[in-house]
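Reading through the structure tokens given below for one structure.
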2 protein chains.
Amino acid sequence: MPDETRNIVRECLAMRVRMLNRMVTAIYDAALAQAGLKISQFTVLVAVTNLGECRPKDLAKALEMDESTLSRNVERMCARGWLRLKPDQDRRGHLIALTDRGAALIHKAMASWRRAQEEAQRQLGPEGVAAVKAAVRRMRG
Amino acid sequence: MPDETRNIVRECLAMRVRMLNRMVTAIYDAALAQAGLKISQFTVLVAVTNLGECRPKDLAKALEMDESTLSRNVERMCARGWLRLKPDQDRRGHLIALTDRGAALIHKAMASWRRAQEEAQRQLGPEGVAAVKAAVRRMRG
DNA sequence: CACGATTATTTGTATATGCAACAATCAGCC
DNA sequence: GGCTGATTGTTGCATATACAAATAATCGTG
């Protein structure tokens with residue numbers, strides 16, 4: 001049995017990707033704490049800015065995130081006044097929009113993001129950075 | 001503002017790593033559901049097998065995971081009878097040990113893990129796989 | 001236009017994640 | 001032996017994650 005499991009530790013991609021996720025997330029969360037948010041939330045704010053007013057489904061797709069997860073993240077961010085919901089033609093849903101406070105927060109968090117980004121790049125090295133980008137491109141492509 | 005945020009989406013490493021994490025985790029969780037566990041739990045079982053009876057701190061370090069997170073994961077897994085706690089010399093803590101049921105579960109889950117591993121490798125491609133491994137090695141190194 | 005199928009989103013439930021504060025024990029020193 | 005600082009681990013709190021089921025509105029077709 002130990003032979004099998006040792007092999008898993010050497011090979012398992014999920015183990016590695018999840019570890020990488022924890023390490024990288026920690027870097028960004030630590031930096032963004034100064035601005036009072038987490039990378040998960042920053043990511044949503046940025047995505048909404050780029051998409052413009054958008055439907056939950058589109059946002060979830062853009063972030064490759066489960067719709068129910070996003071639903072509750074948006075809920076919390078609305079409660080904080082960073083996002084708000086607007087009625088849509090299709091009355092099954094609504095549009096998610098950035099508020100002024102949300103936009104201000106992105107601006108305020110920019111310096112923290114840049115610091116985290118530099119630190120992550122430093123720790124990963126140029127090859128590591130390229131590697132991560134390539135891996136994601138492959139999987140989504 | 002959109003200029004800045006578009007740049008973030010293009011560059012942000014956390015966004016990519018987290019996306020990769022969600023995609024890869026989903027592949028393994030879907031496969032392991034057949035055996036009644038998740039990749040997060042499978043990972044702990046395998047790590048305990050390799051370390052042997054171990055203290056929470058060592059296990060957390062091996063998995064690059066917060067001790068409090070691990071504490072509660074172990075708790076759930078004890079409740080299911082996969083792990084159990086044994087007294088240690090150092091009475092502040094205890095040793096985490098695999099039970100027979102835990103060992104049997106690993107065995108039962110092997111085929112599912114292999115299927116997930118193959119699927120993840122297929123989606124990432126050889127370069128993607130190498131990329132992920134290299135990135136982790138760099139960060140932990 | 002009515003009705004069943006489809007689509008959009010939220011809720012129920014469970015797990016996972018981590019920071020900060022806490023309790024318990026240990027180790028070293030006097 | 002008994003204090004004091006360090007180490008080990010758990011708990012309180014908040015957020016994040018996702019599958020399945022429920023809800024609500026739209027669409028397509030007879």
Side-chain angles (χ1 to χ4, degrees), chain A residues 14-15 17-34 36-45 54-61 63-80 82-83 85-96, chain B residues 14-15 17-34 36-45 54-61 63-80 82-83 85-96:
Chain A
M15 210 176 278
V17 167
R18 290 168 62 82
M19 209 178 270
L20 198 61
N21 176 53
R22 283 191 289 267
M23 294 187 284
V24 171
T25 295
I27 293 172
Y28 286 78
D29 275 354
L32 287 168
Q34 208 165 46
L37 40 66
K38 311 183 64 168
I39 185 61
S40 49
Q41 301 166 329
F42 183 73
T43 298
V44 171
L45 289 177
C54 57
R55 296 180 309 165
K57 179 161 201 179
D58 299 329
L59 187 51
K61 179 133 198 179
L63 296 170
E64 211 77 54
M65 187 179 293
D66 190 86
E67 291 176 39
S68 68
T69 300
L70 188 72
S71 171
R72 278 181 261 238
N73 290 3
V74 167
E75 182 182 58
R76 278 186 287 268
M77 295 174 72
C78 285
R80 280 178 168 59
W82 302 338
L83 297 176
L85 304 183
K86 298 174 61 173
D88 186 14
Q89 314 290 23
D90 184 335
R91 285 183 330 212
R92 281 173 297 186
H94 45 243
L95 297 176
I96 301 169
Chain B
M15 210 175 281
V17 167
R18 290 167 60 80
M19 210 177 271
L20 198 61
N21 177 52
R22 284 191 288 267
M23 293 187 284
V24 171
T25 295
I27 293 172
Y28 285 78
D29 275 355
L32 287 168
Q34 208 165 45
L37 41 66
K38 311 183 62 165
I39 184 62
S40 50
Q41 301 168 329
F42 184 73
T43 298
V44 171
L45 290 177
C54 57
R55 297 180 309 166
K57 179 159 199 180
D58 299 328
L59 186 52
K61 180 131 196 181
L63 296 170
E64 211 79 55
M65 187 179 293
D66 190 86
E67 291 178 40
S68 69
T69 299
L70 188 71
S71 172
R72 277 183 263 235
N73 290 3
V74 167
E75 184 182 56
R76 277 187 287 266
M77 294 173 73
C78 284
R80 280 178 169 59
W82 303 338
L83 296 177
L85 303 183
K86 298 175 60 172
D88 187 14
Q89 313 289 22
D90 185 336
R91 286 186 330 215
R92 282 172 298 187
H94 45 244
L95 297 176
I96 301 169

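Per chain, numbering begins at 1; letters A, B, ... match sequence-line order. Values reported hereafter were calculated over all heavy atoms of this structure, with side chains retained and with hydrogens, waters and symmetry mates removed.
Contact check of residues 72-80 of chain B against DNA chain C (heavy atom, cut-off under 4.0 Å) returns Arg72(B), Asn73(B), Arg76(B), Arg80(B).
The CE atom of Met65(A) sits 15 Å away from the P atom of dT9(C) (whole-angstrom rounding). Following rounding to the nearest Å, Arg22(B) (CZ) and dT15(C) (C1') show an atom-to-atom distance of 16 Å. Atom-to-atom, CD of Glu67(B) to P of dT7(D) comes out at 12 Å; the value is rounded to the nearest Å. Taking atom CG of Asp88(A) as the reference point, atom P of dT10(C) lies 12 Å away to the nearest angstrom. Atom P of nucleotide dC13(D) and atom CG of Asp66(B) are separated by 18 Å, given to the nearest angstrom. Distance Met23(A) CE to dG18(C) P: 11 Å, rounded to the nearest Å. Distance, Arg55(B) CZ to dT25(C) C1': 12 Å, rounded to whole Å. Atom CG of Leu70(B) is separated from atom P of dG9(D) by 10 Å (rounded to the nearest Å).
The nearest heavy atom of DNA chain C to Ala26(A) and to Arg92(A) marks one nucleotide each, and the one closer to the 5' end goes with Arg92(A). With the nearest nucleotide of DNA chain D identified for both Pro56(B) and Gly93(A), Pro56(B) has the one nearer the 5' end.
For the OP1/OP2 pair of dT10(D) and a distance below 4.0 Å, the side-chain nitrogens and oxygens of Ser71(B) include at least one atom meeting the criterion. Listed pair Gln89(B) / dC26(C) fails the phosphate criterion, with no side-chain N or O lying under 4.0 Å from OP1 or OP2. The shortest distance between the side-chain N/O atoms of Lys57(B) and the OP1/OP2 oxygens of dT8(D) is below 4.0 Å. The side chain of His94(A) contributes an N or O atom lying less than 4.0 Å from OP1 or OP2 of dT10(C). The side chain of Thr69(A) places no N or O atom within less than 4.0 Å of a non-bridging phosphate oxygen (OP1 or OP2) of dA16(D). For dT17(C), the OP1/OP2 oxygens have a side-chain nitrogen or oxygen of Arg18(A) closer than 4.0 Å.
No hydrogens or angles considered: nothing links the side chains of Arg18(B) and Asn21(B) as a donor-acceptor pair under 3.5 Å. No side-chain donor from either of Thr25(A) and Asp29(A) sits under 3.5 Å from a side-chain acceptor of the other.
In this structure, Ser40(A) OG and Arg76(A) CZ are separated by 8.0 Å, a value rounded to the nearest 0.5 Å. Between the CG atom in Leu95(B) and the CG atom in Leu59(B) there is a gap of 11.5 Å [rounded to 0.5 Å]. Note that CG of Leu20(B) is 5.5 Å distant from CE of Met23(B), once rounded to the nearest 0.5 Å. For the atom pair CD (Gln41(B)) and CE (Met77(B)), the distance works out to 5.5 Å, reported to the nearest 0.5 Å.
Side-chain N/O atoms of Arg91(B) and base N/O atoms of dT25(C) include no donor-acceptor pair closer than 3.5 Å.
Heavy atoms of Asp90(B) sit under 4.0 angstrom from primed sugar atoms or phosphate atoms, though from no base atom. Ser40(B) comes within 4.0 angstrom of sugar-phosphate atoms only, judged by non-hydrogen atoms across all strands, and of no base.
One N or O on the side chain of Thr43(B) and one on the backbone of Ile39(B) form a donor-acceptor pair closer than 3.5 Å.
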